[in-house]
2 protein chains.
Amino acid sequence: MSSLPAASHSTILEVARDAGVSKTSVSRYLGGERHRLSPAMQARIAAAIQRLGYRPNQMARGLKGGRSKLIGMLVADIRNPFSVTVLHSVEQACRARGFSLLVCNTDNDPDQERNHLALLASYRVEGVVINAAGRPSAELKALAEQGTPIVLLDRSLSDVDADVVGLDNAGAIDMAMDHLLERGYRNVLYVSEPPEGASSRQRRLERFRQRLAQAPELTGETACLAMQRDSDALRQALHGFVSRESPAPRAILCANGNVTLQVAHALNALGVSLGETGLLGIDELDWCALAGPGITTLAQPTEAIGQAAVESLMQRLAPPGRQAPPRRTEYAARLIARGSTHR
Amino acid sequence: MSSLPAASHSTILEVARDAGVSKTSVSRYLGGERHRLSPAMQARIAAAIQRLGYRPNQMARGLKGGRSKLIGMLVADIRNPFSVTVLHSVEQACRARGFSLLVCNTDNDPDQERNHLALLASYRVEGVVINAAGRPSAELKALAEQGTPIVLLDRSLSDVDADVVGLDNAGAIDMAMDHLLERGYRNVLYVSEPPEGASSRQRRLERFRQRLAQAPELTGETACLAMQRDSDALRQALHGFVSRESPAPRAILCANGNVTLQVAHALNALGVSLGETGLLGIDELDWCALAGPGITTLAQPTEAIGQAAVESLMQRLAPPGRQAPPRRTEYAARLIARGSTHR
DNA sequence: TTGTAAGCGTTATCAG
DNA sequence: CTGATAACGCTTACAA
C-alpha cells in the first residue's frame, strides 16, 4: 500500500488524464451534468477523483463565470450576542443555498468598515449583509452600483439602494412602554448609546419621546451615553435618576443588550434593587434570568432576521432583469417578563 | 459630470489601456514593485486606477501563485462566548498580516465539520485554525498532508500533525482547587460536559480526580452531563449534591462557561444560595458579576490564544523547508474571585 | 455522448 | 525601466 505523496492539490486535468477522458467531461461530471455522461465514464471519473483526492478549486471556478459562491457579512461588533445570533442564522441560510460566508468584524471602526468592504469586493462576493456603523462610504456605493445585492441589518442608509431587515423599532418601544405602564411604572429613563448614524437607535429614541408626549400620566427622560465598562457617566446618570425625589414608580428602559449589561452593572454597584426600580431591556441575553430577580427583556427574532437577510439577497441574485425597489422587512419583538418589572 | 456606469468590475487590462501602459506595469505597481517604475508611469497608473475604481480580483490573484490570502477557521459553536472572543482575536491577527478569515461554524456536528473542511480546502486557504469536535477526519488529514498548516485550539488530536494552543488545563484545575480549599470548601462537585473526544475536557477531569486523590481533607465527585437549557439531569445531579447531608462546606466547579451558565440556572431554580454553596467556573463571562453575589471565574487569556494560533500558522507558512515538529503552547488562567466563593 | 479550444484576471518569465 | 506572452484551474461555446 503505497502512501500517496499528494504533494499539492490535484487539478481537473490530472483527473481527466487519470480517467482517460477530457477535462470537459470531468467538469460536466462536477457541474451537475452527469446525466449527459455515460455510466461507464461516470464511474471512471468518480474513481479517478477518489484516487487523487481531487477537490475543485473554487478560486478558479469563480474566475470564469464570476460565481464566487461567497457572501460577505460586515459585523459591527462580533462580541455582541445579538450580532452573533444573527450571524449564526445568516451563515446557516447561506450554507443551505450553497454559499459560504466571509465574515468581517469592523469593531465599529469606519475605516475598517471601508477596508473590509473593499476586501469583500476583491473576493467578488455575490452579496453583502451589513450590520455596521452607517455612513454610506464610497466603497459601499461602488459595490451597490456594480450590482452587488446589499442587505442592511437593523439600520437603514439613505443614499444607497439596499433592502433592510430588522426589528419593528417603534412597535418594540410601544410594547416596552405598555408593559411598564401596566406594571405601574410612571417615570421612565431611556438609556441608549448615542444614536449617531444608526437609524434603529434614532427610531427607538424618537418613539420613546413620542410616547412620553402622548401619555400625560407619564414622565420620563433620556440618557444617551457611550457605553463602556464601568462608565462613570452612566453611573452618575443612573444615580441621579434613582435618587431624585419622585412619587411615581421609576423604571429604566435599555435600548439594546449592551446597554442592559452596562446598566445592570451600574445598578448593581449602586445597590439598587431591581423590581422596585423597574428594568427592561431590548435584546434577550442568556443570563437575564440570573441577574437579581431576572431582567425583563424584549427578544428580537434573530433567527428570522438572518434568514430574511439571506432570502433577500438570493432574490436579487436570481433575476438578471430589472430589480424591484428596495424593500424593508420588519419583525415584531417578543416580551419576556421577569422580576425586574415586578413591583 | 457624466455618471460612470461602472457596470461591472474593471480589470487590470482596462487600467493598463486607460493609462496607456502594459498589464505588466500595472501588476508591478500593485504588487509592491513601484520602485521599478518611473514616477511618470506611477502617476498615470494611479490616476487610471482612481478613475476606474479598480480593485484587483483576489480570485484571479490566488489562481496564479496559489496565494489565496485566506485563513480558515472552524468554530464548534459560534454562540459560545469563549469561541467568539478567540475568533475575534484570530481575525485581528490575520488582518494585521494581510490575511482574511473564512469562518465556519460547525454547531458541533462532525458532518458539518467535514464539509466545512472540504470547503476551506476548495478555497485554498493557506492555513486553518480549528476549534471543534475532534475526530480526525479524512478531510483534516488530507489538508495536513497537502502541507496546509493547522493549529488546534483547546484540544489536541492524535494522528495529525498540528500545533496546539490553549489553556494550561491542569494548572487551571489546580488554581481552582487551591482557591476552593483556601476558602474553606471541602466537598467539591465537578460538573462537565461529557469529555468524549475533547482532550481539554479529559485533561481537566483527570486533573480534578488527581487532586481529589491527593488531598485527604477533600471529598468530591464528578458529573458529566450533556448541557442543555433546563436539563432535568443537571438539576437532579445538583439537587442530589446540595441536599445530601455533609458536614463539609460544598462547592461546585464548572468545567467551562456553558456549564457555568446552565449550573447557575439550575441552582437558581433550586433556590440555592451562592457563596454558602461555593461556585467557581472556568471561563469568564461578562455577566458573572451580576448573578447573585457574583460568580468566581477562571478567565482564559483568549486574546493571547488567538494571537498565538495565527502566529503559529504564519511560522509554518514562511519556510518552505523542513518543518519543526508539532508544538504546543499553554497559557495560565487568571482567577477572578467573587462572592460565589465567599462563605 | 464526448472533445477542442478560447477565455476569465493575475502574476511570472522572459526579452527588449 | 518596460512590455509581450505563457501559465494558473476551470467553465463553456462550438464541434464532432
Side-chain angles (χ1 to χ4, degrees), chain A residues 7-46 48-49 52-70 98 118-119 121-126 146, chain B residues 7-46 48-49 52-70 98 121-126 146:
Chain A
S8 192
H9 296 272
S10 46
T11 77
I12 203 172
L13 180 59
E14 293 171 327
V15 173
R17 278 209 256 270
D18 187 278
V21 303
S22 76
K23 286 196 309 179
T24 313
S25 299
V26 180
S27 178
R28 287 196 179 112
Y29 179 84
L30 295 158
E33 300 192 66
R34 310 194 185 179
H35 53 280
R36 304 214 151 172
L37 299 179
S38 67
M41 183 172 268
Q42 288 191 39
R44 297 167 66 199
I45 295 179
I49 287 178
L52 277 60
Y54 169 76
R55 284 271 155 209
N57 182 333
Q58 284 289 355
M59 294 283 169
R61 218 176 243 214
L63 196 50
K64 185 63 195 271
R67 309 302 317 266
S68 66
K69 283 300 186 178
L70 241 28
L119 181 91
S122 78
Y123 279 106
R124 298 298 186 263
V125 294
E126 299 184 47
Q146 271 160 10
Chain B
S8 190
H9 297 270
S10 46
T11 77
I12 205 172
L13 180 59
E14 293 170 327
V15 173
R17 279 208 255 270
D18 187 278
V21 302
S22 75
K23 289 196 308 181
T24 312
S25 298
V26 179
S27 178
R28 286 196 178 113
Y29 178 85
L30 296 157
E33 301 193 66
R34 310 193 185 180
H35 54 281
R36 303 211 152 172
L37 301 179
S38 67
M41 181 171 269
Q42 287 191 40
R44 295 166 65 198
I45 295 179
I49 287 179
L52 276 62
Y54 168 76
R55 285 270 156 210
N57 182 333
Q58 285 289 354
M59 292 284 169
R61 225 176 234 212
L63 194 50
K64 185 60 201 263
R67 309 302 318 267
S68 67
K69 282 298 186 181
L70 241 28
S122 79
Y123 279 106
R124 298 298 187 264
V125 294
E126 299 184 46
Q146 270 158 10

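Quantities reported herein were computed from a predicted structural model and do not represent experimental measurements. Residue numbers begin at 1 in each chain, while the letters A, B, ... track the order of the sequences.
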Hey, is the side chain of S27(B) poking within less than 4.0 Å of OP1 or OP2 on dT10(C), counting only N and O atoms? no
Reckon Y29(B) has a side-chain N or O less than 4.0 Å from the OP1 or OP2 of dT11(C)? no
Measure [atom1]/[X] against [atom2]/[N] and give the value in whole Å, please.
X       : N       : atom1 : atom2 : answer
M59(B)  : dT11(C) : CE    : C1'   : 17 Å
R61(B)  : dC8(C)  : CZ    : P     : 19 Å
L13(A)  : dC8(D)  : CG    : P     : 9 Å
Y123(B) : dG9(D)  : OH    : P     : 18 Å
R67(B)  : dC8(D)  : CZ    : P     : 18 Å
Q58(B)  : dG9(D)  : CD    : C1'   : 17 Å
N57(B)  : dG7(C)  : CG    : P     : 18 Å
I45(A)  : dT1(C)  : CD1   : P     : 13 Å

Is the backbone N or O of S68(A) less than 3.5 Å from a side-chain atom of R124(A), with the two atoms forming a donor-acceptor pair by type? no
For the backbone of R34(B) and the side chain of Q42(B), can you confirm whether one donor and one acceptor N or O come within less than 3.5 Å of each other? yes
Which residue, L30(B) or Q42(A), contacts DNA chain C at a nucleotide closer to its 5' end, judged by nearest heavy atom? Q42(A)
If I take atom [atom1] from residue [X] and atom [atom2] from residue [Y], how far apart are they, to the nearest 0.5 angstrom?
X       : Y      : atom1 : atom2 : value
R55(A)  : S10(A) : CZ    : OG    : 10.0 Å
I45(B)  : R28(B) : CD1   : CZ    : 10.0 Å
Y123(B) : L70(A) : OH    : CG    : 4.5 Å

Counting primed atoms plus P, OP1 and OP2 as sugar-phosphate and everything else as base, spell out the protein contacts along nucleotides 1-7 of chain D at 4.0 Å heavy-atom distance: B, S or - for each nucleotide, 5' to 3'. SBBBBBB
Testing dT11(D), dT10(C), dG9(D) for proximity to the side chain of T11(A), the answer is dG9(D)
Looking at R67(A) and E126(A), is any side-chain nitrogen of the basic one under 4.0 Å from a carboxylate oxygen of the acidic one? yes
V26(A) side chain reached by V21(A) side chain, heavy atoms, under 4.5 Å: yes
Give one of base, sugar-phosphate or nothing for R55(B), where a contact means two heavy atoms less than 4.0 Å apart. sugar-phosphate
